[in-house]
Amino acid sequence: MERRQFLTGSLAAGVGLWAARHVPAAELPTTLKIGDSKMPFQQPPLPFDMNAMKPFLSEEQLKYHYGKHHAAYFKNLNGLVEGKPEAGMSLREVVVQSTGPVFNNAAQAWNHSFYWDCLSPQGGGEPQGELAAALQRDFGSLAAFQKAMSEAAVKLFGSGWAWLAADPAGKLEIMPLGNADTPLKHDKEPVLTIDVWEHAYYIDFRNERPKYVEAFWKAANWNFAGKCYAAAVK
């Protein structure tokens, strides 16, 4: 298998081109190993059951967020790129190169796919290895990072995403970005994200974004984040 074979259109939601260049497919999460991209772009399955994230996220919340909102971005994107050059690109390539409505839908399709992998029914705890060392180096401690990331997520005005991202040298940065914006547009590699669009939490948390963000840490998939960071620094 060529190193880019697992990085495809609809499921480029992981470590992206860094992983495609540098990480053997066997070392990546199962959801990142996919064959050559085909149109139309396909929404990847959730990496857990709809009822597996309780009490953090209810089945109803996931049915609306994944089944309605996330699915709509893929549907809209397919309509926008039909018969156009973007139809032959990977989803990540479309995100990086596009603007306007195509970007908005492509990025939201990619961002959400990445977000689901940032969650795990066995999540929480602490990161290990290179990522743990980098968080200590760049933020002073895991607790200091989580406090800063939570504040960025809670204070982000309107809709958007709070990202942990790595630059080409491996330095970590918290990036609170509005609407569909993503570190991919800023030459950074996503490592972890918190979705703070209201549709991500309103059924379960209503307008209490701080409670949703606090609960996120008990579901954070540090194993996935660690693989993303390892790929980014190789």
Next item on the list: Please test Tyr73 against Ser113 for side chain to side chain contact (heavy atoms under 4.5 Å, CB included), starting from the C-alpha separation and ending with a verdict.
Entry: CA-CA 11 Å; Tyr73 294 124; Ser113 297; over 6 Å; no

Margin query: Are more than 12 heavy atoms, taken from residues, nucleotides or ligands other than Gln146, located less than 6.0 Å from that residue's CD atom?
Written below: yes

Check: Above 12 or not: heavy atoms from other molecules or residues under 6.0 Å from CG of Asp187?
Finding: no

Can [Y] be reached from [X] by stepping across I, L, V, M, F, W or Y side chains whose heavy atoms are under 4.5 Å apart?
| X | Y | result |
| --- | --- | --- |
| Tyr64 | Phe216 | no |
| Met175 | Val95 | yes |
| Ile203 | Tyr115 | no |

Note to self: Applying side chain to side chain contact (heavy atoms under 4.5 Å, CB included) to Leu77 and Val102, what does each step give before you reach the verdict?
What the structure shows: CA-CA 6 Å; Leu77 176 63; Val102 172; 4.1 Å; yes

Next item on the list: Anything under 30° is parallel, anything over 60° is perpendicular, the rest tilted; go ahead and classify Phe114 against Trp110.
Entry: parallel

Considering non-hydrogen atoms only, spot the tightest contact between [X] and [Y] and give its length.
| X | Y | value |
| --- | --- | --- |
| His186 | Asp181 | NE2-OD2, 3.0 Å |
| Ala152 | Ile174 | CB-CG2, 3.8 Å |
| Lys188 | Glu173 | NZ-OE1, 2.7 Å |
| Ala153 | Ile194 | CB-CD1, 4.4 Å |
| Ala106 | Val94 | CB-CG1, 3.6 Å |
| Ala219 | Phe56 | CB-CD2, 3.7 Å |

Checklist line | Step-by-step side chain to side chain contact (heavy atoms under 4.5 Å, CB included) determination, Trp163 to Leu184 | finding: CA-CA 11 Å; Trp163 298 90; Leu184 300 180; over 6 Å; no

For the backbone of [Y] and the side chain of [X], can you confirm whether one donor and one acceptor N or O come within less than 3.5 Å of each other?
| X | Y | result |
| --- | --- | --- |
| Asn78 | Phe41 | yes |
| Gln61 | Phe205 | no |
| Glu208 | Tyr202 | no |
| Asn179 | Asn104 | no |
| Ser141 | Gln136 | no |
| Asn221 | Asp117 | yes |
| Tyr229 | Leu192 | no |
| Asn105 | Asn76 | no |
| Lys185 | Val96 | yes |

Next item on the list: Please determine, by modelled atom types, if Trp197 and His69 share a side-chain donor-acceptor pair under 3.5 angstrom.
Entry: no

Using side-chain heavy atoms (C-beta onward) and a distance below 4.5 Å, is [X] in contact with [Y]?
| X | Y | value |
| --- | --- | --- |
| Leu135 | Pro127 | yes |
| Trp116 | Asp195 | no |
| Phe48 | Leu119 | yes |
| Leu177 | Pro183 | yes |

Item checked: Spacing of NZ belonging to Lys84 relative to CD belonging to Glu86, to within rounding of 0.5 Å -> 7.0 Å

Next item on the list: Calculate, to the nearest 0.5 Å, the distance between atoms CG and CD belonging to Asn223 and Gln128 respectively.
Entry: 10.0 Å

Note to self: Applying side chain to side chain donor-acceptor pair (under 3.5 Å), can you list everything that pairs with Asp204, at least two apart in sequence or on another chain?
What the structure shows: Ser58

Checklist line | Result of checking Arg209, Arg206, Lys211 against Tyr201 for side-chain hydrogen bond (donor to acceptor under 3.5 Å, both in side chains) | finding: Arg209

Note to self: With side-chain hydrogen bond (donor to acceptor under 3.5 Å, both in side chains) as the test, pick out the partner of Gln43 among His70, His112, Lys75.
What the structure shows: His70

Check: Would Leu57 and His65 count as a side chain to side chain contact (heavy atoms under 4.5 Å, CB included) if you check the C-alpha gap in whole Å, the side-chain angles of each, and the deciding distance to 0.1 Å?
Finding: CA-CA 10 Å; Leu57 298 174; His65 193 183; 5.9 Å; no

Notebook entry, point to check: Tell me, which pairs form a ring pair (Phe, Tyr, Trp, His ring centres under 6.0 Å) where one or both residues lie in residues 82-107, sequence neighbours left out?
Noted result: none

Margin query: By the ring pair (Phe, Tyr, Trp, His ring centres under 6.0 Å) test, which pairs, at least two apart or in different chains, include something from residues 132-153?
Written below: Phe139-Phe145, Phe145-Trp217

Checklist line | Under-4.0 Å salt bridge between Glu189 and Lys227 | finding: no

